[in-house]
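I have placed the structure first, in the form of structure tokens, so that the comments after it can refer back to it.
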Amino acid sequence: MDLFKASVFSLLGVLLLFFLYPPLLLIYLGWGSLAAALSTGPFLQSLGLTVLISTAASLTAVILGIPAAYVLARYEFKLKELVDVAMDIPIVVPHTVVGLMVVLAFVAYGLGPSLNALGIKIVDALPGAVIAVSYLSATYAVRTVESAIRLLDPELENAARTLGAGPFRAFLSVVLPNIKSAVINGAVLSWARSVSEAGALLVVAYYIVVGNTSIYPASIYIYQAYIGLGLDEAVRFSAALVLFVLGVFLAYRLAVRYVGAEGS
């Protein structure tokens with residue numbers, strides 16, 4: 001093995017160790033109390049709430065992200081650079097500030113008075129939580145799908161158009177089937193990003209009232225366990241959440257591989 005190859009593989013090993021050491025240690029320390037965590041009613045409620053919020057945010061990210069990605073990949077227009085930069089704002093703004101922005105835009109000012117008049121609650125409510133995590137996760141869907149569309153030969157669409165297909169039909173019959181893996185990847189990345197969100201939820205939806213019950217999102221529940229009961233209590237719930245998210249990713253990978261094998 002030459003020096004360059006040895007160097008890059010060594011750095012890869014360092015990065016893998018950096019990525020894997022903390023979660024593996026967390027799972028190791030929390031493994032013995034995993035059953036207790038998964039039999040804790042309030043935690044299971046928080047996990048279910050988090051799945052609901054993340055799934056809604058992921059669907060929102062994909063529905064809004066696919067058209068945005070197509071425009072950025074296929075069209076040139078004035079202020080495109082500004083639009084492109086705007087797509088990355090959620091990545092660079094601190095998440096607690098995003099929470100404050102949601103409160104300003106949908107509660108105190110902007111659309112807030114109209115939503116209040118309609119009886120739509122944002123703070124400590126499901127709509128506010130979905131808005132906050134959608135804002136923070138949509139970029140991942142946009143960028144993943146945009147990259148796939150850029151790699152897709154525009155002549156495939158042009159050929160469909162010359163055969164009589166309109167722009168919508170060409171998109172649905174040519175573009176979408178060829179980027180379906182990217183769409184799924186973007187959805188899963190957005191979902192995972194939503195599951196991990198805490199900063200914006202601390203401001204917008206510290207808890208969500210469902211009936212007569214206040215339910216914390218999973219990240220907030222773990223934070224509460226840490227500050228209220230200590231590190232050991234937070235570890236077992238954190239390990240359960242990490243294993244759940246990793247399980248979803250593993251199931252997704254296996255499903256994609258199985259579908260690919262069936263298709264071939």
Side-chain angles (χ1 to χ4, degrees), residues 11-12 15-16 18-19 22-23 50 53-112 122-123 127-154 157 171 175-176 178-205 217-220 245 248-249 252 256:
L11 292 174
L12 172 62
L15 185 62
L16 281 175
F18 181 68
F19 282 170
T50 298
I53 293 170
S54 301
T55 302
S58 178
L59 290 173
T60 301
V62 168
I63 291 170
L64 298 178
I66 291 175
Y70 185 83
V71 169
L72 290 172
R74 286 289 189 255
Y75 295 106
E76 295 297 329
F77 52 91
K78 290 183 178 180
L79 302 180
K80 180 180 178 179
E81 190 66 29
L82 183 61
V83 173
D84 194 56
V85 170
M87 294 296 106
D88 292 330
I89 288 176
I91 295 177
V92 300
V93 176
H95 295 183
T96 50
V97 175
V98 170
L100 292 172
M101 292 191 303
V102 170
V103 172
L104 289 173
F106 298 96
V107 180
Y109 300 94
L111 295 176
I122 298 298
V123 174
V130 172
I131 290 171
V133 296
S134 296
Y135 186 93
L136 288 163
S137 64
T139 297
Y140 297 91
V142 172
R143 294 310 188 191
T144 302
V145 175
E146 180 191 356
S147 297
I149 295 175
R150 288 187 183 279
L151 293 173
L152 185 63
D153 189 352
E157 292 176 74
F171 178 81
V175 177
L176 206 53
N178 282 284
I179 63 168
K180 61 183 179 181
S181 295
V183 172
I184 295 172
N185 280 331
V188 172
L189 287 174
S190 296
W191 183 86
R193 180 64 197 83
S194 300
V195 168
S196 66
E197 178 51 33
L201 293 177
L202 283 168
V203 178
V204 180
S219 57
I220 306 299
V245 174
V248 170
F249 264 87
Y252 159 70
V256 169

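Quick caveat: nothing in here was measured; it's all calculated off a predicted structure.
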How far apart are the closest heavy atoms of [X] and [Y], and which atoms are they?
X: His95; Y: Pro90; value: NE2-O, 4.3 Å
X: Ala132; Y: Val98; value: O-CG1, 4.4 Å
X: Gly186; Y: Thr144; value: N-CG2, 3.9 Å
X: Asn178; Y: Leu152; value: CB-CD1, 3.7 Å
X: Ser134; Y: Ala57; value: OG-CA, 3.3 Å
X: Pro67; Y: Val62; value: CD-O, 4.4 Å

For the atom pair [atom1] ([X]) and [atom2] ([Y]), what is the distance rounded to the nearest 0.5 Å?
X: Thr139; Y: Leu189; atom1: OG1; atom2: CG; result: 12.0 Å
X: Ser54; Y: Arg193; atom1: OG; atom2: CZ; result: 10.0 Å
X: Trp191; Y: Ser196; atom1: CH2; atom2: OG; result: 10.0 Å
X: Ser58; Y: Ile53; atom1: OG; atom2: CD1; result: 13.5 Å
X: Leu100; Y: Leu202; atom1: CG; atom2: CG; result: 11.0 Å

Subject >> Step-by-step side-chain contact (heavy atoms from CB on, under 4.5 Å) determination, Leu72 to Val142 >> reply: CA-CA 9 Å; Leu72 290 172; Val142 172; 4.3 Å; yes
Does the [X] side chain pair with the main chain of [Y], one donor and one acceptor, at a distance under 3.5 Å?
X: Glu81; Y: Val83; value: no
X: Ser190; Y: Ser137; value: yes
X: Asn185; Y: Ser181; value: yes

Original post:
Should we count OH of Tyr109 as having more than 12 external heavy atoms under 6.0 Å?
Top reply: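 Atom OH in Tyr109 is not crowded, with 12 or fewer foreign heavy atoms closer than 6.0 Å.
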Kindly indicate whether the side chain of [X], heavy atoms from C-beta on, has any atom under 4.5 Å from the side chain of [Y].
X: Ile122; Y: Val103; value: no
X: Met101; Y: Val203; value: no
X: Leu11; Y: Leu15; value: no

**OP:** Show your reasoning for whether side-chain contact (heavy atoms from CB on, under 4.5 Å) applies to Phe106 and Val204.
**Re:** CA-CA 10 Å; Phe106 298 96; Val204 180; over 6 Å; no
Subject >> Qualifying salt bridge (Lys or Arg N to Asp or Glu O under 4.0 Å) pairs with a residue from residues 62-74, counting only residues at least two apart or across chains >> reply: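 As it turns out, the salt bridge (Lys or Arg N to Asp or Glu O under 4.0 Å) pairs with a partner in residues 62-74, which skip direct neighbours, are Arg74-Glu157.
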Original post:
Under the criterion side chain to side chain contact (heavy atoms under 4.5 Å, CB included), which of Leu151, Ile184, Ile149 is the partner of Ile179?
Top reply: Ile149
Original post:
Taking only residues two or more places apart in sequence, or in another chain, which ones meet Phe171 in a ring-ring contact (aromatic ring centres under 6.0 Å, His included)?
Top reply: Tyr70
